[in-house]
Number of protein chains: 2
Amino acid sequence: MGLRERKKEKTRLAIMDAALELFLEQGYESTTVEQIAGAVEISPRTFFRYFTNKDHLAMWFHDHGEEIMLETLAERPADEPPFTALMHALRAVLTDVQSSTPDDASRFLKLRKLLDGNPHLVGKSVARGARTERRLAEVIAARRGVDPDEDQLTHLIVAFAMSTMRVGFECPRRDGTMEEIQRRMAESIELAERCLRPGWDLRH
Amino acid sequence: MGLRERKKEKTRLAIMDAALELFLEQGYESTTVEQIAGAVEISPRTFFRYFTNKDHLAMWFHDHGEEIMLETLAERPADEPPFTALMHALRAVLTDVQSSTPDDASRFLKLRKLLDGNPHLVGKSVARGARTERRLAEVIAARRGVDPDEDQLTHLIVAFAMSTMRVGFECPRRDGTMEEIQRRMAESIELAERCLRPGWDLRH
DNA sequence: AACCATGTTGTCACAGTGTGCCATAAGTCA
DNA sequence: TGACTTATGGCACACTGTGACAACATGGTT
């Protein structure tokens, strides 16, 4: 990895950290791109070369999480029930965060805290989730051997999986430690599995 | 209803229709507020007094749909299982559109067509749905006699209900007549009910 | 009818977002 | 070193969204 790339990554993280600090200190809405750029000593123009917009900052781990889910899904056995495979993919995202650097984990928790007080960002977050849902639906449709444009059950499986994830991630809000999030997510997955009929995701 | 209110409503619909026409003709992104305002012969400033932003236009029926759902929910018997009640609320939204004026139904279908080709708007739509989900969760928590901040199942019930709605509404896309939407929605509801364990939404 | 309180509109100024363009500086490789 | 690629900064610009104020329309009152 060349100097150029390392420097870019460093700048990217510097922007991220400066932005998070400003957001948590003075609020998301009242923080401008100009302020963030100023704190990292780059021009506002350059900011937009790293992040397409301010919201994109808050979606930091969504891109990564989506990739983890898709990778995990690809590795799961083909005969595993789709929802089960999705639950594994979901757990993999959390595992990945935990096994990352302390700095990354800290950013993850700060972002979560940021979402807590900003319905607007929660909205953005679920909107980003809709994109993930589309991509997951493609994969699940392939696994099930159906056309994603024809099969409602495929979309229902993915939507239920994402719902399970959101419920585990968002609700209820307590201290917000990594351990708690993992515990809540496990609870949510277990709960969802108790709600669904055995074999519900195998029919077609 | 005074002249003043009638005039406002007329302007509101005029903006809506002009905007829809422009969107479908030249695309959503490439239509500016200035153009819409020009087509209705109002100032751009006035546009923002009717709709908080351009996206708000595309969320036209969300506000109304949310109210219908909440009203329907309030009328459902208290001992009805939560998910069943939510499915009734969901059907009520479509019934309401069908029993409205032909103009309103036409706007509804145009909006749906608009969403089809704009992932950005689909994102906005599900973000708006997240707000509805929060409000529904309050009601369902009250029905179940639990604290919405403590009970994951409440949120799972609502999230599954909204998922069912989205799947029925969005997928798969065909001719897009009112009849088809209703049929797809009925299919989706039936499918969801087959996927879930009987009595899953009664536990606590 | 004249009057006033209230609501609606247009105009202006302004802050902020996001993009295209081009010159310049920095990293890369021969 | 010199030739190249890529990142950056600065500039102008279009668009969004809001606050403030003046002009006007409406509805009710005397």
Side-chain angles (χ1 to χ4, degrees), chain A residues 1-20 22-23 25-60 63 114 118-121 123-125 127-128 131, chain B residues 1-20 22-23 25-60 63 114 118-121 123-125 127-128 131:
Chain A
M1 195 151 125
L3 172 60
R4 190 174 271 165
E5 278 181 77
R6 269 180 291 143
K7 201 172 172 184
K8 271 202 95 169
E9 197 51 30
K10 215 173 123 192
T11 306
R12 175 172 227 86
L13 290 177
I15 295 174
M16 191 69 216
D17 289 334
L20 277 176
L22 286 167
F23 290 160
E25 183 190 320
Q26 61 184 32
Y28 178 79
E29 299 290 355
S30 47
T31 301
T32 67
V33 170
E34 202 176 351
Q35 287 178 310
I36 300 168
V40 201
E41 294 183 309
I42 56 169
S43 73
R45 186 67 188 85
T46 299
F47 171 90
F48 288 110
R49 289 198 177 97
Y50 281 89
F51 298 93
T52 60
N53 51 45
K54 226 170 71 175
D55 295 334
H56 190 193
L57 278 167
M59 300 299 113
W60 180 61
D63 294 334
L114 185 62
N118 288 83
H120 167 251
L121 285 182
K124 280 285 173 181
S125 178
R128 181 65 183 74
R131 207 192 83 135
Chain B
M1 197 153 145
L3 172 60
R4 191 172 271 165
E5 279 180 76
R6 267 179 293 145
K7 200 173 172 184
K8 270 203 94 168
E9 197 52 30
K10 216 173 121 191
T11 306
R12 174 171 227 87
L13 290 178
I15 295 174
M16 190 70 216
D17 290 333
L20 278 176
L22 286 168
F23 290 160
E25 181 190 321
Q26 61 183 34
Y28 179 78
E29 300 289 356
S30 48
T31 302
T32 67
V33 171
E34 200 175 353
Q35 287 178 310
I36 300 168
V40 201
E41 293 183 311
I42 57 171
S43 73
R45 185 68 186 86
T46 299
F47 171 90
F48 288 109
R49 290 198 176 98
Y50 280 89
F51 298 93
T52 59
N53 51 45
K54 226 170 74 175
D55 296 333
H56 191 192
L57 277 167
M59 300 300 113
W60 180 62
D63 294 334
L114 185 61
N118 289 82
H120 168 251
L121 284 182
K124 280 285 174 183
S125 178
R128 181 65 182 75
R131 206 192 84 134

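Throughout, a chain's letter reflects where its sequence line sits, starting with A, and its residues are numbered from 1. These figures come from a predicted structure and were not determined experimentally.
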| field | Where A/T31 and A/K54 come nearest, the two heavy atoms and their spacing | value | O-NZ, 2.8 Å

| note | Per-nucleotide protein contact along nucleotides 21-30 of chain C, 5' to 3', at a 4.0 Å heavy-atom cut-off (B base, S sugar-phosphate only, - neither), is B----BBS--

Take the protein atom [atom1] of [X] and the nucleotide atom [atom2] of [N], then report the distance between them rounded to whole Å.
X	N	atom1	atom2	value
B/E9	C/dG7	CD	C1'	16 Å
A/E34	C/dC14	CD	C1'	14 Å
A/K124	C/dT17	NZ	C1'	12 Å
A/L57	C/dT17	CG	P	11 Å
A/Y28	C/dT17	OH	C1'	11 Å
B/F51	C/dT9	CZ	C1'	16 Å
A/Q35	C/dG16	CD	P	8 Å

| message | Determine whether B/L57 and B/F23 satisfy the following criterion, side-chain contact (heavy atoms from CB on, under 4.5 Å), listing intermediate values before the conclusion. | response | CA-CA 11 Å; B/L57 277 167; B/F23 290 160; 3.9 Å; yes

Would you tabulate the side-chain donor-acceptor contacts of residues 34-53 of chain B under 3.5 Å, counting partners in other chains and residues two or more places apart, or write 'none'?
unit_1, atom_1, unit_2, atom_2, d
B/Q35, OE1, B/Q26, NE2, 2.8
B/Q35, OE1, B/T32, N, 3.0
B/S43, OG, B/T46, N, 3.3
B/S43, OG, B/T46, OG1, 3.1
B/N53, OD1, B/D55, N, 3.2
B/N53, OD1, B/H56, N, 2.8

| request: Kindly state which residues belonging to residues 10-19 of chain A come within less than 4.0 angstrom of DNA chain C, counting heavy atoms of the residue only, listed by number. | output: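 Residues of residues 10-19 of chain A under 4.0 Å from DNA chain C: none.
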
| remark: By side-chain hydrogen bond (donor to acceptor under 3.5 Å, both in side chains), A/R128 pairs with (sequence neighbours left out) A/D63, A/E66, A/T132

| query | Nearest nucleotide by nearest heavy atom, which residue falls closer to the 5' end of DNA chain D, A/E41 or B/F47? | reply | A/E41

| message | Between B/S125 (side chain only) and B/L121 (backbone N and O only), is there a donor and an acceptor less than 3.5 Å apart? | response | no

| 5' to 3' contact window, DNA chain D with chain A (heavy-atom distance under 4.0 Å) |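 Here the contact window of chain A covers D/dT5 to D/dC11.
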
| message | OP1 or OP2 of C/dT9 versus the side-chain N and O atoms of B/Y50: is any pair under 4.0 Å? | response |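 Looking at the OP1 and OP2 atoms of C/dT9, one of them is under 4.0 Å from a side-chain N or O of B/Y50.
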
| field | Full working for side-chain contact (heavy atoms from CB on, under 4.5 Å) between B/L3 and B/R6 | value | CA-CA 5 Å; B/L3 172 60; B/R6 267 179 293 145; 4.0 Å; yes

| Which angle, to the nearest 10 degrees, lies between the helix axes at the two ends of the helix from C/dA1-D/dT30 to C/dA26-D/dT5, each defined by five pairs? |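 Helix axis angle between the two ends: 10°.
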
